[in-house]
Protein chains: 4
Amino acid sequence: MVGTVKPRRRQARGERRMAQLLDAAEEVFAAGGFSAATTNAIAATAGVSPGTLYQFFPNKESMATALADRYVAALAAAHDPDARVDGVPLDDVIDRMVDPAIGIAGDHRAFEAMFRAHPCRQLRAAVTDNVDRTIAARVPELDPGRRRLVATVVVKIIGAVLPDILAASGRAEAELTAELKRVLRAYLLDVSD
Amino acid sequence: MVGTVKPRRRQARGERRMAQLLDAAEEVFAAGGFSAATTNAIAATAGVSPGTLYQFFPNKESMATALADRYVAALAAAHDPDARVDGVPLDDVIDRMVDPAIGIAGDHRAFEAMFRAHPCRQLRAAVTDNVDRTIAARVPELDPGRRRLVATVVVKIIGAVLPDILAASGRAEAELTAELKRVLRAYLLDVSD
Amino acid sequence: MVGTVKPRRRQARGERRMAQLLDAAEEVFAAGGFSAATTNAIAATAGVSPGTLYQFFPNKESMATALADRYVAALAAAHDPDARVDGVPLDDVIDRMVDPAIGIAGDHRAFEAMFRAHPCRQLRAAVTDNVDRTIAARVPELDPGRRRLVATVVVKIIGAVLPDILAASGRAEAELTAELKRVLRAYLLDVSD
Amino acid sequence: MVGTVKPRRRQARGERRMAQLLDAAEEVFAAGGFSAATTNAIAATAGVSPGTLYQFFPNKESMATALADRYVAALAAAHDPDARVDGVPLDDVIDRMVDPAIGIAGDHRAFEAMFRAHPCRQLRAAVTDNVDRTIAARVPELDPGRRRLVATVVVKIIGAVLPDILAASGRAEAELTAELKRVLRAYLLDVSD
DNA sequence: GATGAATGAGAGTTCATTCAT
DNA sequence: CATGAATGAACTCTCATTCAT
C-alpha cells in the first residue's frame with residue numbers, strides 16, 4: 001500500500017530536483033554561455049552538491065539539451081505554427097514569428113545561449129520547423145526544399161539580431177525590432193513572388 | 001645606410017616568428033574557436049615553446065586581436081568600399097559585399113571564429129564600416145544613423161549565414177549564397193525606398 | 001539526535017584533511033618561506049592532489065593565514081597576557097614574554113616564516129597585543145599610545161633575534177636568549193622610569 | 001698604439017654598464033625585494049637586453065652581492081668606526097651608529113632589501129663589524145666574544161626597526177627613531193656595567 | 001538519493017638563463 | 001659587446017567527473 005505510493009513520491013521529488021537543477025543551469029548558462037558554465041556552479045546555484053547533479057544528468061551537455069527541451073515546449077505553447085495565416089497580412093505573420101521569439105528569449109534567460117550551444121540542435125530544429133510551417137501556410141506553393149532553406153535563413157537572421165534586441169531597451173530595442181521585421185518582410189515578399 | 005638595415009635583421013626573425021605564431025593561432029582558433037584554443041597548442045603548432053609565444057604576445061587575447069588585424073588588412077585589400085557603386089546595378093553591389101566576405105573567410109580559416117570572438121571588436125567594426133560606406137555610396141540620401149543600423153543588420157545577416165556557406169560546398173553552397181544575396185537585395189531595395 | 005551527528009562525519013574527513021594540509025603547509029613554508037612555497041609541493045607533502053588543496057583553501061595566501069590562526073591560538077593558550085604581573089619581578093615578566101615565544105616558534109616550524117609573511121598581519125597583531133597587555137599590567141601608568149609603540153618595538157626585537165635562537169642550540173642558544181632578555185629588561189626598565 | 005688604449009676604453013665602458021645595471025637592480029630590488037625581482041625587469045630598467053646583463057653578472061644573486069658591495073663602500077665612507085668615541089657621551093655614540101644607517105638606507109633605495117637578502121651576507125657582516133668596532137672603542141674592556149654577540153644583537157635591532165622608520169615620516173618617524181635609540185642606549189648601558 | 005571530498009590533467013603565464021646572430 | 005629570440009620547467013589555479021560514505 002505504502003509501496004505503491006513511495007515510488008511516485010520519489011519520482012515527484014526527483015522531478016522537482018531536476019527542475020531545480022535546470023533552473024540553476026538556466027541561470028548559469030545565461031550568465032556566461034554554455035562552455036563557460038561550470039557544473040559546480042550549477043550545483044551550488046541549485047543548492048545541492050555536485051554529486052547530486054550527476055545523479056540526474058550524466059554530464060554538462062545533457063543539462064543543456066534538457067534545458068533546450070524546456071524551451072522547445074515553451075515555443076510550442078507560445079507559437080502555434082498551424083494557425084491560419086493565409087488570410088492575414090504579411091506583417092501580422094511576421095509579428096507572429098518575431099514577437100514570440102523575443103518574448104520567449106526574454107522570459108527564459110538562457111534561451112539565446114542554448115540556441116547557440118552546440119548540444120542544442122533540437123532547439124534550433126524546433127524553431128526552424130515552426131518557421132517552416134508558418135511559411136508553408138502562407139506560401140503553400142513554395143517548393144518544400146526551398147522552403148526549408150528559406151526557413152533556415154529566416155531563423156539565422158532572427159538569431160543574429162535577437163541578442164542585440166534583448167540587450168537593448170527603449171527606442172534602440174524598438175528600432176532594432178522594426179529593422180528585423182523589415183528584413184523579414186522584404187525577404188518573404190521576394191520569396192513569395 | 002647600412003646601419004639602418006642591420007637592426008632589422010633581428011626584428012626580421014622575430015617578425016617571422018610572429019607570423020608563424022599567428023599562422024598557428026589561426027589554425028587552432030579555426031579548429032575550436034577562441035576560448036577553446038590553448039596557448040600551449042598554438043605554441044606547439046608553431047613548433048616553439050610556450051615561452052616564445054609570450055615573447056611576442058602578452059596573452060591569448062592579443063593573439064586574437066593581432067589575427068583580427070590581419071583580417072582587417074585583408075578586408076581592406078579585397079573590398080574597396082569607396083569604389084563607385086552609384087551607377088552599378090544593386091546585384092553587383094551586393095556581389096561586391098558578399099563575395100569578398102566569402103573569399104576572405106574561405107582563405108583565412110579563423111575569420112569566422114575571430115569575427116565572433118569577444119576581443120575582436122575591431123574586425124566587426126571594420127566589416128561594418130565597409131558595408132556602411134558601400135551603402136552610403138549606393139543610397140546617399142539615407143540618414144547616417146539609420147544607415148549605421150542597416151549596416152549593422154546587414155553584417156549580422158552575413159555573419160549568420162556565412163558559417164553555413166563555408167561549411168557547405170557545391171550546390172548547397174551556391175544555393176545558400178544565392179539565398180543570402182536575395183535577402184540582402186530585398187532588404188536594401190526596401191531601405192532605398 | 002543522530003541527525004546532528006551525521007553531517008559532522010563528512011566535515012570530519014574534511015577537517016582532518018584541512019589539518020593535514022596545514023601540517024604540510026607548515027613544513028613547506030618552514031623550509032623556504034611563504035613565497036618560495038609551492039601549492040603543488042604542499043599538496044604533495046600532504047599526499048593529496050592539487051585540486052584537493054583548493055577544495056579547502058581558495059589560494060596560497062589563505063593557507064598562510066589559516067596557519068597563522070593556528071599560531072594565534074597556540075599563543076593564546078601558552079601566554080596568558082592578563083596574568084598578574086604587577087607583583088612579580090621584571091625578569092619573570094620577561095621570561096613570560098620570551099620563553100613562550102621561543103617555545104611556540106620551536107614547536108611550530110613555520111612560526112617564524114608566518115610571522116614575516118605579508119598575509120599574516122593577524123599573527124603580528126596578536127603577538128603585539130599580548131606584549132602590549134603584558135606591559136600594561138606591569139607599567140599601568142604608561143600612556144597607551146607610547147605603550148603600543150613600545151610593544152611594537154619589543155615585538156620587532158624578539159622577531160629579529162628569534163630566528164638565530166631557533167637556529168642555534170646548546171650554549172649559543174642560551175647565550176642569545178640571555179642577550180635578548182637583557183635587551184628587553186634594559187629597555188623596559190628605561191621605559192618604566 | 002691604438003691597441004693599448006682600446007682595452008681601457010672597453011673596461012671603462014664595461015664599468016659604466018655595470019653601474020647602469022646596478023642602478024637598475026637597485027630600483028627593481030627596492031620595489032619588491034630580491035626574490036620578487038626579475039632579471040628581465042632589471043635589464044629593461046637599465047635599457048639593455050637580458051643577454052647584456054648576463055655578460056656582466058653570472059646570475060641574479062651576483063647582482064645582489066655587487067649591489068651590497070656598493071653599500072659596504074658607502075657605509076665605510078659614512079661611518080668611520082675608528083673615530084674617537086671613548087670621550088664622547090653614549091648618546092652621541094648611538095647617534096653615530098643609527099643616523100648613518102638611516103641616512104644610507106634612505107639614500108640607497110635597496111639597502112634594506114639587500115640587508116635582508118640571503119646572498120648579501122657581507123653587507124650584514126660589514127654593518128656588524130662597524131658596530132663591533134664602535135663598541136670596542138667605547139667599551140674596550142668587553143670580551144671580544146661577548147662584544148661580537150652584542151654587536152650582532154644591536155645590528156638585528158636596528159635592522160628590525162629600520163624599515164618602519166624608513167616607511168614612516170614626520171612625527172612617527174621621529175618617534176620611532178627616538179625609541180630605537182632608547183633601546184640601544186639602555187642596552188649598551190647595561191652591557192657597559 | 002545525497003553529500004562533499006577527491007582527482008589529475010591541463011589551463012595561461014612567468015622567468016632565469018642560453019645562444020645564434 | 002650587444003641583441004632579443006628561445007627555452008621549458010614550474011607556477012597558481014580550475015573543473016568535469018567519480019566515489020566512499
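Residue numbers begin at 1 in each chain, while the letters A, B, ... track the order of the sequences.
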A.B. asks: Grab the CE-C1' distance between C:M63 and F:dC13 for me, whole Å please.
C.D. replies: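 Taking atom C1' of F:dC13 as the reference, CE of C:M63 is at 13 Å.
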
A.B. asks: Can you check the D:K60 NZ to E:dT18 C1' distance for me, whole Å?
C.D. replies: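 From D:K60 NZ to E:dT18 C1': 17 Å.
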
A.B. asks: For A:A43, answer base if it contacts any base atom (sugar-phosphate contacts may also be present), sugar-phosphate if it contacts only those atoms, and nothing otherwise; contact means non-hydrogen atoms under 4.0 Å.
C.D. replies: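 No contact.
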
A.B. asks: Just verifying a value: how many Å separate C:R17 CZ and C:L22 CG, rounded to the nearest 0.5 Å?
C.D. replies: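 Reported to 0.5 Å precision, the distance equals 13.0 Å.
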
A.B. asks: Given atom CD of D:E61 and atom C1' of E:dA16, what is their separation to the nearest angstrom?
C.D. replies: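 Computing the D:E61:CD to E:dA16:C1' distance gives 12 Å.
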
A.B. asks: Taking the side chain as every heavy atom from C-beta outward, state whether A:Y54 and A:T39 have any pair of such atoms under 4.5 Å apart.
C.D. replies: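 Heavy-atom side-chain distance check passes, below 4.5 Å.
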
A.B. asks: If you assign C:S35 and B:G51 each to the DNA chain F nucleotide with the nearest heavy atom, which residue ends up on the more 5' nucleotide?
C.D. replies: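 Its nearest nucleotide being more 5', the pick is B:G51.
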
A.B. asks: Report the distance from atom CG of D:N59 to atom P of E:dC15, rounded to the nearest whole Å.
C.D. replies: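 Result: 17 Å.
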
A.B. asks: Establish, with yes or no, whether the OP1 or OP2 oxygen of F:dC1 is under 4.0 angstrom from a side-chain nitrogen or oxygen of D:T52.
C.D. replies: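 No, because none of the side-chain N or O atoms of D:T52 sits under 4.0 Å from OP1 or OP2 of F:dC1.
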
A.B. asks: Only one of C:F115, C:Y71, C:F29 clears ring-ring contact (aromatic ring centres under 6.0 Å, His included) with C:H108; which?
C.D. replies: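 Looking at C:F115, C:Y71, C:F29, the match for C:H108 under the ring-ring contact (aromatic ring centres under 6.0 Å, His included) is C:Y71.
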
A.B. asks: Kindly say if B:Y54 contacts the phosphate of E:dT13, meaning a side-chain N or O under 4.0 Å from OP1 or OP2.
C.D. replies: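 Yes, because at least one side-chain N or O of B:Y54 sits under 4.0 Å from OP1 or OP2 of E:dT13.
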
A.B. asks: Is the phosphate of F:dG4, meaning OP1 or OP2, less than 4.0 Å from a side-chain N or O of B:R13?
C.D. replies: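 The answer is no; no side-chain N or O of B:R13 sits under 4.0 Å from OP1 or OP2.
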
A.B. asks: When you measure from the side-chain N and O atoms of B:T38 to the phosphate of E:dG12, is any distance below 4.0 Å, counting only OP1 and OP2?
C.D. replies: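 For B:T38, the contact criterion (side-chain N or O under 4.0 Å from OP1 or OP2 of E:dG12) is met.
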
A.B. asks: Does the side chain of A:S49 get closer than 4.0 angstrom to OP1 or OP2 of E:dA2 through an N or O atom?
C.D. replies: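 Answer no for this pair, as no side-chain N or O of A:S49 is under 4.0 Å from OP1 or OP2.
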
A.B. asks: Between C:N40 and C:Q55, which has a closest nucleotide on DNA chain E that is more 5'?
C.D. replies: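 Per heavy-atom nearest nucleotide, the more 5' residue is C:Q55.
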
A.B. asks: Which nucleotide, if any, forms a Watson-Crick or G-U wobble pair with E:dT3, using both distances under 3.5 Å?
C.D. replies: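 Paired with E:dT3, as far as the under-3.5 Å criterion goes, is F:dA20.
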
A.B. asks: Taking atom P of E:dA11 as reference, at what distance in whole Å does atom CZ of B:F34 sit?
C.D. replies: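 Those two atoms, CZ and P, are 14 Å apart.
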
A.B. asks: Counting just side-chain N and O atoms, does B:R17 come under 4.0 Å of either OP1 or OP2 of F:dG4?
C.D. replies: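 Result: no.
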
A.B. asks: Between E:dA5 and C:R16, is there an OP1 or OP2 to side-chain N/O distance shorter than 4.0 Å?
C.D. replies: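 For E:dA5, neither OP1 nor OP2 has a side-chain N or O of C:R16 closer than 4.0 Å.
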
A.B. asks: Rounded to whole Å, please give me the gap between CE in B:M18 and P in F:dA6.
C.D. replies: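 Result: 12 Å.
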
A.B. asks: Any side-chain heavy-atom pair from B:L53 and B:I42 closer than 4.5 angstrom?
C.D. replies: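 A side-chain contact exists here, since the closest heavy-atom pair is under 4.5 Å.
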
A.B. asks: Between P on F:dA10 and CD1 on C:I42, what's the gap in Å once rounded to a whole number?
C.D. replies: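 From C:I42 CD1 to F:dA10 P: 17 Å.
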
A.B. asks: Think B:T39 has a side-chain N or O under 4.0 angstrom from the OP1 or OP2 of E:dA11?
C.D. replies: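 Checking E:dA11 against B:T39, no side-chain N or O comes under 4.0 Å of OP1 or OP2.
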
A.B. asks: With a 4.0 Å cut-off on N to O distance, would you call D:D23 and D:R70 a salt bridge?
C.D. replies: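 Salt bridge present between D:D23 and D:R70.
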
A.B. asks: Measuring from the side chain of B:P50 (C-beta onward, heavy atoms only), which nucleotide among F:dA5, E:dT13, E:dA9 has the closest atom?
C.D. replies: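 Closest nucleotide to the B:P50 side chain: E:dT13.
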
A.B. asks: If you assign C:L53 and B:A41 each to the DNA chain E nucleotide with the nearest heavy atom, which residue ends up on the more 5' nucleotide?
C.D. replies: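 Between the two, 5'-proximity favours C:L53.
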
A.B. asks: Rounded to the nearest 0.5 Å, how far does NE2 of C:H118 lie from CD of C:E61?
C.D. replies: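 Spacing of CD (C:E61) from NE2 (C:H118) equals 10.0 Å.
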
A.B. asks: Reckon D:F56 touches a base, only the sugar-phosphate, or nothing at all at heavy-atom distances under 4.0 Å?
C.D. replies: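 Since only primed, P, OP1 and OP2 atoms lie under 4.0 Å of D:F56, the category is sugar-phosphate.
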
A.B. asks: What is the distance, rounded to the nearest whole Å, between atom CD of C:E15 and atom C1' of F:dT21?
C.D. replies: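 The answer, rounded to whole Å, is 17 Å.
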
